[in-house]
Amino acid sequence: MCLLAFAWKVHPDYPLILAGNRDERHARASAAAGLWSDAPEVLAGRDLEAGGTWLGVTTAGRYAVVTNYREGLNPRKAPRSRGGLTSEFLLSTMPTADYMQTVQPHAADYGAFSLVGGDRDSLWYFSNRGGEPTPIVPGIHSLSNHLLDTPWPKVQNAKAQLKLLLDTDAVSVETLLWILADRRPAEAGLPDTGIGPELERRVSAAFVQDPVYGTRCSTIVMLHKDGGLTFSERRFDAAGEALETRRFWISAP
């Protein structure tokens, strides 16, 4: 997942509104979102190489997402997959703060990551490149391949567009997908993450279109004030064409 924009405790009807794009190599095998056969309380896509997930929710109202933290073209190979952080949280009943604390002593076992996880009452953030686990304050936030709210162009644009939807009472699954569909690269303010200016520009769009590495899916999660969850996933092929849109509703407990 390489772009995440979310509003936490901002909307009167939806304590959490989350929109995210997963960017990955098109050759990496993955399964579309659905209830897992071996853990039917989990609703998520699945990485078929390492078994974890980039973003998911549960029937109990837990949710989590992980992004990588970009460190050049050839980051070190870590012994554990970042997707395991997300799936282990979803499978756990541990309070979010406690889970984040248990990850911290072993954070070096993973490639560079940022992890967001929560439930109906709390939302936390932790990066193994950014200090202690911390609760996320109410507001509009965004995350790409650096720390939470690092002011990259795509991060700033996503926050501004989400704020506009909230201010104009225009939040819906389709309008949130519209934010994620922006394929315009930034023209200024690009970061230097060690991948070179041409590639920095190519991946600076919210939606990355590239035949080798690009946006694989867009996901929307909306947590209703009664505890119900809306989950929508739109998947794309290597040409950036939509393959299908899956929609799910999890009732309040």
Side-chain angles (χ1 to χ4, degrees), residues 1-6 8-9 15-16 18-24 28 30-31 33 36 38-39 41-72 75-139 141-150 152 155 193 217 219 221 223 229 231:
M1 186 72 66
C2 289
L3 178 65
L4 185 70
F6 60 96
W8 173 238
K9 294 187 175 179
L16 176 73
L18 180 152
N21 274 345
R22 179 201 179 208
D23 299 341
E24 180 56 86
R28 188 173 181 115
S30 61
W36 289 5
D38 56 339
E41 73 276 18
V42 175
L43 170 59
R46 203 162 199 175
D47 173 25
L48 298 180
E49 290 190 13
T53 186
W54 50 94
L55 184 156
V57 303
T58 73
T59 54
R62 291 166 75 86
Y63 46 87
V65 56
V66 69
T67 68
N68 68 332
Y69 182 108
R70 199 156 61 232
E71 295 180 317
R76 72 173 183 89
K77 180 70 173 177
R80 303 181 68 180
S81 169
R82 286 172 286 233
L85 293 164
T86 317
S87 56
E88 288 164 12
F89 174 77
L90 297 174
L91 293 167
S92 171
T93 58
M94 191 181 299
T96 306
D98 293 348
Y99 178 82
M100 295 288 186
Q101 295 293 339
T102 65
V103 170
Q104 189 173 16
H106 310 287
D109 293 345
Y110 302 88
F113 71 82
S114 288
L115 176 66
V116 174
D119 53 33
R120 293 184 172 100
D121 302 311
S122 65
L123 184 60
W124 281 69
Y125 168 77
F126 175 55
S127 170
N128 61 355
R129 295 297 185 271
E132 302 287 324
T134 56
I136 294 175
V137 299
H141 301 275
S142 186
L143 175 66
S144 186
N145 301 116
H146 205 263
L147 300 177
L148 183 65
D149 292 322
T150 295
W152 288 1
V155 167
T193 63
C217 67
T219 307
V221 177
L223 172 64
L229 272 168
F231 183 106

- request: Can you sort out the partners of Ser142 under side chain to side chain donor-acceptor pair (under 3.5 Å), two or more places apart, ordered by chain and number?
  value: none
- prompt: Which value, rounded to the nearest 0.5 Å, describes the distance between Thr58 atom OG1 and Trp36 atom CH2?
  reply: 11.5 Å
message: Going by side chain to side chain donor-acceptor pair (under 3.5 Å), name the residues that satisfy it together with Ser30, two or more places apart in sequence or in a different chain.
response: Arg22, Arg216
message: The criterion is ring pair (Phe, Tyr, Trp, His ring centres under 6.0 Å); which residues satisfy it with Phe6, sequence neighbours excluded?
response: His141
query: Can you name the residues that form a side chain to side chain donor-acceptor pair (under 3.5 Å) with Glu41, not counting sequence neighbours?
result: none
- request: Using the salt bridge (charged side-chain N to carboxylate O under 4.0 Å, His left out) rule, collect all pairs that involve residues 76-96, keeping only residues at least two apart or in two chains.
  value: Arg80-Glu88
field: Counterpart residues, ring pair (Phe, Tyr, Trp, His ring centres under 6.0 Å), relative to Tyr69 (two or more places apart)
entry: His146
message: Run the salt bridge (charged side-chain N to carboxylate O under 4.0 Å, His left out) test against Asp121 and tell me which residues pass, sequence neighbours left out.
response: none
message: Within this structure, what is the CG-CG distance for the pair Leu18 and Leu55, rounded to the nearest 0.5 Å?
response: 6.0 Å
Within-4.5 Å side-chain heavy-atom neighbours: Leu91 and Val42: yes
field: Short side-chain to backbone donor-acceptor contact, Tyr63 and Val221, under 3.5 Å
entry: no
- prompt: Is a side-chain donor or acceptor of Asn145 paired with a backbone partner of Asn68 at a separation under 3.5 angstrom?
  reply: yes
- request: Using the test side chain to side chain donor-acceptor pair (under 3.5 Å), find all partners of Thr193 that sit at least two apart in sequence or belong to another chain.
  value: Arg70, Glu200
- line: Applied to residues 43-57, the salt bridge (charged side-chain N to carboxylate O under 4.0 Å, His left out) test, sequence neighbours excluded, yields Arg28-Asp47, Arg28-Glu49, Asp38-Arg46
message: Tell me the closest heavy-atom pair linking Ala64 and Phe89, and the distance in Å.
response: CB-CD2, 3.6 Å
task: Using the side-chain contact (heavy atoms from CB on, under 4.5 Å) rule, take Thr59 and Leu43 through it: C-alpha gap first, then chi angles, then the decisive distance, then the call.
output: CA-CA 8 Å; Thr59 54; Leu43 170 59; over 6 Å; no
message: side-chain contact (heavy atoms from CB on, under 4.5 Å), that's the test. Do Phe113 and Thr86 meet it? Break it down for me.
response: CA-CA 11 Å; Phe113 71 82; Thr86 317; over 6 Å; no
- prompt: In Å and rounded to the nearest 0.5 Å, what is the CG to CG distance from Leu115 to Leu148?
  reply: 11.5 Å
message: Strictly distance-based, threshold 3.5 Å: is any side-chain N or O of Thr67 a donor or acceptor partner for the main-chain N or O of Ser144?
response: yes
- request: Output every pair passing salt bridge (charged side-chain N to carboxylate O under 4.0 Å, His left out) with a member in residues 52-69, not counting sequence neighbours, ordered by first then second residue.
  value: none
message: For the OG atom of Ser122 and the CH2 atom of Trp8, what is their distance to the nearest 0.5 Å?
response: 6.5 Å
message: Please check: side-chain N/O of Thr150 versus main-chain N/O of Trp152, any donor-acceptor pairing under 3.5 Å?
response: no
message: Looking at every heavy atom in both Phe126 and Gly131, which two are closest together, and how far apart are they?
response: CE1-O, 3.0 Å
Cys2 side, atom SG; Leu143 side, atom CG - distance, nearest 0.5 Å: 9.5 Å
field: With sequence neighbours excluded, residues passing ring pair (Phe, Tyr, Trp, His ring centres under 6.0 Å) with Trp124
entry: none
- request: Indicate yes or no for a side-chain donor-acceptor contact from Asp109 to the backbone of Ala78 under 3.5 Å, with no hydrogens or angles considered.
  value: no
- request: Might you point out which heavy atoms bring Ser127 and Leu147 nearest each other, and give the distance in Å?
  value: OG-CD2, 3.6 Å
Separation of Leu223 CG from Arg120 CZ (nearest 0.5 Å): 6.5 Å
List the atom pairs, with distances to 0.1 Å, where a side-chain N or O of residues 101-108 and a protein N or O form a donor-acceptor pair under 3.5 Å, not counting sequence neighbours.
| residue | atom | partner | partner atom | Å |
| --- | --- | --- | --- | --- |
| Thr102 | OG1 | Tyr99 | O | 2.6 |
| Gln104 | NE2 | Glu132 | OE1 | 3.2 |
| Gln104 | NE2 | Glu132 | OE2 | 3.3 |

